[in-house]
Amino acid sequence: MAKYDHKTIEEKWNKVWNEQKINTVDTKNASKPFFNLMMFPYPSAEGMHVGNMYAFTASDVYGRFKRMQGFDVFEPIGLDGFGIHSENYALKIGRHPKEHARITEENFYRQLHMVGNMYDWSKTVETYNPNYYKWTQWIFIQLFKKGLAYRAKSEVNWCSKCKTVLSDEQVLGDKCERCNTVVIKKSLEQWFFKITDYAERLLKNLDWIDWTSKIKTIQKNWIGKKTGYKIKFDDLEVFTTRPDTLHGATFLAIAGHEDKFTGKKVTNPATRVKIPVWEAEYIVADYGTGVVMGVPAHDERDMVFAKKHGLEIVDMQPDEAMKKYAVEYVTYHLRDWLISRQRYWGPPIPMINCPKCGWQPVPEDQLPVLLPDIEDYQPKGEGKGPLAGHPEFYKTTCPVCGGSAERETDVSDTFLDSAWYFLRYPSAGIDGKPWDKDLTNKWLPVAMYTGGAEHATLHLMYTRFITMALKDMSYLDFEEPFQKFFAHGMIIKDGAKMSKSKGNVVNPDDYITKFGADTFRLYLMFLGPVSAGGDFRDSGIEGMNRWVNRIVKHIDLQLGKTSNNDQLVSRGLHKFIKRATEGLESRKNNLLIAGAMEFLNLVESQKAILDSSQWTIFIKLVAPLAPYLAQELWNRLGNTGLVHSQLWPEYDPKMIIDEKVTVVVQINGKVREKFEIESDNAGDEAFIQHLALESAKVQNYLKGASYRTIFVPCKLINFIVNTK
RNA sequence: GCGGCGAUGGCGGAAUGGCAGACGCGCUGGCCUCAGAAGCCAGUGUCCGCAAGGAUGUGUGGGUUCGACUCCCUCUCGCCGCACCA
């Protein structure tokens, strides 16, 4: 028997599928739209590693399942290739970011073709294409017009290695999200988006959106709503959660670079005592009111501060009456989104600064503001990006007064590129507008979004904000972008995180070439639930390859033979349908594979010959996981057309009940005897009790003692012996 | 410190409160082979036993229940998010 030749077979079906454009969705006329989206990939090196492949496959399996359930599944793909992650890698290997993007795109798309995902290749989106970032700039302008984009000087995060500012979300602990350099604070004038205006809505909607609870919790913590009080000390307002300790306040503290007395004194409204106002390092400027009342007797940090600087300490007990000086006030941990970056590889911020008229948006008919091709694209590091060295780029005229003016030379954050890409997909290729409203309403919000949990406070927060803002400007009719979000797990290698420095990065290409896309997909999905990720081990994939060959061998051997199987096999198949359906819906693809293996084991142990309709069901069930294998076998069984557009099989509820069941006899909860019983009798308590009492073993345990029984139909009978 | 998640054989993992360890990997023995590879068959939580069988067993300690991997409480460990947050 010839082995399953995955290479030839995959090539054959790829050719047929591409010619027939089977994955191209008629976005206008689809009757049961289902937008199945995978989180936008952002390659940091040239290609994909096995972790990316895992996530994409998990998403694709779900999409294929939904397609077989009769939905018009739209599964697009693209590349988030603009931005600091791609740029840093390009800088590292000394290649122009634009050239790097071209190479990455080619390689990335080649790999995605290899793994057999059902992408609609007619609607790809790449963030660095001018016909895309034109609209990224357009969104910036809409936010500016709405008052949601503003320029301000403040203490911002600065990465000295990436030589740019970063948003709060891009600082992990105290390090740069991209390069792990410790981030310092710098006082710079920058562009911000007013995401804080949406803090309450971002929080409230978490109550109803259907997302993984883990992500919701992280977002909730990040938004960090806290209800407290404001109390006036003359012209200064403090924020506190403990107004009942007001009479113990002996100083006020405002944010500063060092601890020092400001020279100013204010009145404690409760005690009428004049107390000093200090600058203190431990105060966070933009939390609450940025002013704290120091109550040494009640707060450890205040005590440390008071002792250190010899401030008065007043002993006291909390007093609810103090609340009369306080006004309730809500504050959030969330800060505004710092959007400008002093870098090259991003969309230029479409703003013009006129000495007379101030900041003006670039007129929309002049978009896009093209990113110029320059050779000195390396970051500069003086609070200015590479474009600031190019007067031919920034010298322009004011759109209002026509006088000479200068363009903004910073580019926008990558996360703005990816904050709206899903809106572009259904309308990809359409000119003159960012998206077609009818298409958008047909396909969005996204029905199923699969992605990594690490984006809880980054991408997933930004997209929600941008969607809400666009809704408020009437560009959209919905305010939450993703109906469902499912967080997939991570793939590790031999117990450790994959990283270049450890040298344990798995390149999927080698495995797909050696074992084929189907074995590779099955192996990844068999590791465990999609939410859990898994550990990639070479030994496991060989086992999966054996199983693929076993399926093929079985079906080939049975072709043309007269079927011969009984109720046991037939019931096994229905049980498999049930398990497969439940497994896919709950993203536990491992359960489907285990079910398929069990069924094949049953067929072998029974030496059963299945008829082609039975094999057809089997093949349909494995089709979402093993697309080439399923199509090939579908064909060998004499079927025509596409297995992937067949309807998903339904099980017969009568057929998932076994003809015979094992009923267990317990004595005081311990299993002592088992009976194989016809299902019809297994619910008959008197019958089973009688049967149990006939058993010598049971009699031996009972020894004539009195007892009562618990009976669970079809499962067990438990004798509880009375002990005196 | 605050918040979340998790802990089941050598490994990945299964189990609507009802036979723990499905399925797979690995391992052991056998068949086949000159030999190997592949394939096939059998076994595989731990302890006692030739076996039949018994005892024990889901991180710790308790609770609820006829019955707990599953529900409740305590603790330990691990992972993740936030944090001079007033």
Side-chain angles (χ1 to χ4, degrees), chain A residues 1 3 168 172-174 212-224 226 228-229 238-243 245 249 252-253 255 280-295 298-302 304-305 331-333 453-454 456-457 487 490 494-495 522-523 526-529 531-547 549-550 553 579 582-583 588 590-601 604 661-674 697 707-721:
Chain A
M1 182 72 42
K3 269 206 164 179
D168 283 325
L172 305 180
D174 57 354
T212 317
S213 68
K214 184 180 175 174
I215 305 293
K216 289 201 204 184
T217 307
I218 294 175
Q219 288 209 342
K220 202 176 154 194
N221 289 345
W222 184 258
I223 295 166
K226 198 158 198 178
Y229 298 85
V238 304
F239 176 76
T240 180
T241 53
R242 295 301 300 274
T245 63
L252 291 200
E281 273 187 277
Y282 77 93
I283 303 302
V284 178
D286 41 10
Y287 184 76
T289 59
V291 188
V292 172
M293 63 178 191
V295 186
H298 208 269
D299 184 282
E300 239 176 87
R301 281 167 321 206
D302 295 349
V304 169
F305 191 82
T331 190
Y332 299 88
H333 166 266
E454 71 276 14
T457 59
M490 273 209 332
D494 299 324
L522 286 164
Y523 169 66
F526 193 53
L527 290 172
S531 59
D535 193 350
F536 193 97
R537 284 166 204 265
D538 288 4
S539 60
I541 197 164
E542 276 156 23
M544 191 53 77
N545 198 42
R546 283 203 289 271
W547 187 67
N549 281 310
R550 240 175 81 199
K553 191 179 88 180
R579 219 164 154 201
E582 290 168 357
K588 292 177 179 173
N590 53 322
L591 297 186
L592 184 152
I593 298 167
M597 287 171 170
E598 270 174 56
F599 179 68
L600 201 65
N601 289 349
E604 284 182 6
V661 294
T662 306
V663 173
V664 174
V665 181
Q666 296 182 336
I667 314 290
N668 293 332
K670 285 196 188 276
V671 178
R672 298 299 180 186
E673 182 66 289
K674 295 173 186 183
K697 234 168 134 184
Y707 55 81
R708 64 196 175 91
T709 59
I710 303 277
F711 178 67
V712 184
C714 303
K715 295 266 184 197
L716 60 84
I717 184 160
N718 189 4
F719 289 86
I720 299 113
V721 179

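Within every chain, numbering begins at 1; the chains are lettered A, B, ... in the order of the sequence lines, protein sequences first and strands thereafter. Because the structure is a prediction, the values reported are computed rather than measured. All values below were derived from every heavy atom in this structure, side-chain atoms included, with hydrogens, water molecules and symmetry-related copies excluded.
Checking B:rG43 for Watson-Crick or G-U wobble geometry (two distances, each under 3.5 Å) identifies B:rC27 as its partner. When Watson-Crick and G-U wobble pairs are counted only if both distances are under 3.5 Å, B:rG57 pairs with no nucleotide at all. The partner of B:rG9 cannot be assigned: no Watson-Crick or G-U wobble pair with both contacts below 3.5 Å exists in any strand. Base pairing annotation: B:rA51 forms no Watson-Crick or G-U wobble pair, as no partner gives both donor-acceptor distances under 3.5 Å. The partner of B:rC79, taking Watson-Crick or G-U wobble pairs whose two distances both stay under 3.5 Å, is B:rG4. In this structure B:rC84 sits in no base pair that meets the Watson-Crick or G-U test at under 3.5 Å. Base pairing of B:rA38: no nucleotide in any strand meets the Watson-Crick or G-U wobble criterion (both distances under 3.5 Å). Within the shown strands, B:rC66 is the pairing partner of B:rG18 under the Watson-Crick or G-U definition, both distances less than 3.5 Å.
Separating the CD1 atom of A:I720 from the P atom of B:rU65 is a distance of 13 Å, rounded to the nearest angstrom. The CZ atom of A:F536 sits 15 Å away from the P atom of B:rC25 (whole-angstrom rounding). In this entry the distance linking CG of A:N545 with C1' of B:rA37 reads 14 Å, nearest Å. Look at OH on A:Y523: it is 12 Å from P on B:rG12, rounded to the nearest Å. Rounding to whole angstrom units, CD1 of residue A:I541 and P of B:rG26 are separated by 13 Å. Regarding A:N549, its CG atom lies at a distance of 18 Å from the P atom of B:rA37, rounded to whole Å. In this structure, the CD1 atom of A:I667 is 16 Å from the P atom of B:rG53, given to the nearest Å. Atoms CD1 (A:I717) and C1' (B:rG67) sit 14 Å apart, rounded to a whole Å.
Positionally, the nearest nucleotide of RNA chain B for A:L527 lies more toward the 5' end than for the other of A:D302 and A:L527.
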When you check every protein heavy atom under 4.0 Å of nucleotides 15-24 of chain B, what one-letter string (B, S, -) results, 5' to 3'? S--BB--BBS

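For the residue pair A:D302 and A:Y282, a side-chain donor N or O sits within less than 3.5 Å of a side-chain acceptor on the partner.
Here the shortest heavy-atom pairing between A:V665 and A:F719 reads CG1-CE1, 3.7 Å. Heavy atoms only, all atoms of each residue included: A:N718 and A:G669 are closest at OD1-N, 3.0 Å. Here the closest non-hydrogen pair linking A:V238 and A:L252 is CG1-CD2, 3.7 Å.
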Given A:N549 and A:N545, is the side-chain contact (heavy atoms from CB on, under 4.5 Å) satisfied, shown in steps? CA-CA 6 Å; A:N549 281 310; A:N545 198 42; 3.9 Å; yes

Could you check A:F599 against A:R579 for side-chain contact (heavy atoms from CB on, under 4.5 Å), going step by step and ending with a plain yes or no? CA-CA 11 Å; A:F599 179 68; A:R579 219 164 154 201; over 6 Å; no

A:I710 and A:Q666: CA distance, side-chain angles, deciding distance, side-chain contact (heavy atoms from CB on, under 4.5 Å) verdict: CA-CA 9 Å; A:I710 303 277; A:Q666 296 182 336; over 6 Å; no

side-chain contact (heavy atoms from CB on, under 4.5 Å) between A:W222 and A:D168: does it pass, once the steps are laid out? CA-CA 10 Å; A:W222 184 258; A:D168 283 325; 4.1 Å; yes

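To the nearest whole angstrom, the two P atoms, one in B:rC79 and one in B:rC23, are 33 Å apart. Nucleotides B:rU8 and B:rG59 place their C1' atoms 10 Å apart, quoted to the nearest Å. Nucleotides B:rC50 and B:rC31 place their P atoms 25 Å apart, quoted to the nearest Å. For the C1' atom pair drawn from B:rG4 and B:rG9, the interatomic distance equals 29 Å after rounding to whole Å. Going from the P atom of B:rC2 to that of B:rC75 covers 12 Å, rounded to whole Å. Remark: the separation of the C1' atoms in B:rG18 and B:rC73 is 24 Å, to the nearest Å. Look at the C1' atom in both B:rA68 and B:rU16: the space between them is 15 Å, to the nearest Å.
The side chain to side chain donor-acceptor pair (under 3.5 Å) check on A:E281 picks up nothing, with sequence neighbours excluded.
With B:rG12, B:rG54, B:rC66 as the choices, the nucleotide that has an atom nearest any side-chain atom of A:R708 turns out to be B:rC66. Distance from the side chain of A:K553 is smallest for B:rC40 among the nucleotides B:rC11, B:rC40, B:rU56.
A:N601 is listed as a side-chain neighbour of A:R550, based on a closest heavy-atom distance under 4.5 Å. Contact of the A:I720 side chain with the A:R708 side chain is registered, since non-hydrogen atoms from C-beta on lie closer than 4.5 Å.
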Using atom names, set out every protein N or O paired with an N or O of nucleotides 77-83 of chain B below 3.5 Å, distance rounded to 0.1 Å.
{"residue": "B:rA83", "atom": "OP1", "partner": "A:H333", "partner atom": "NE2", "Å": "3.3"}

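In this structure, B:rG9 shows a glycosidic angle within 90 degrees of zero, which is the syn conformation.
Close to B:rA55, at under 4.0 Å from its OP1 or OP2, lies a side-chain N or O of A:R672.
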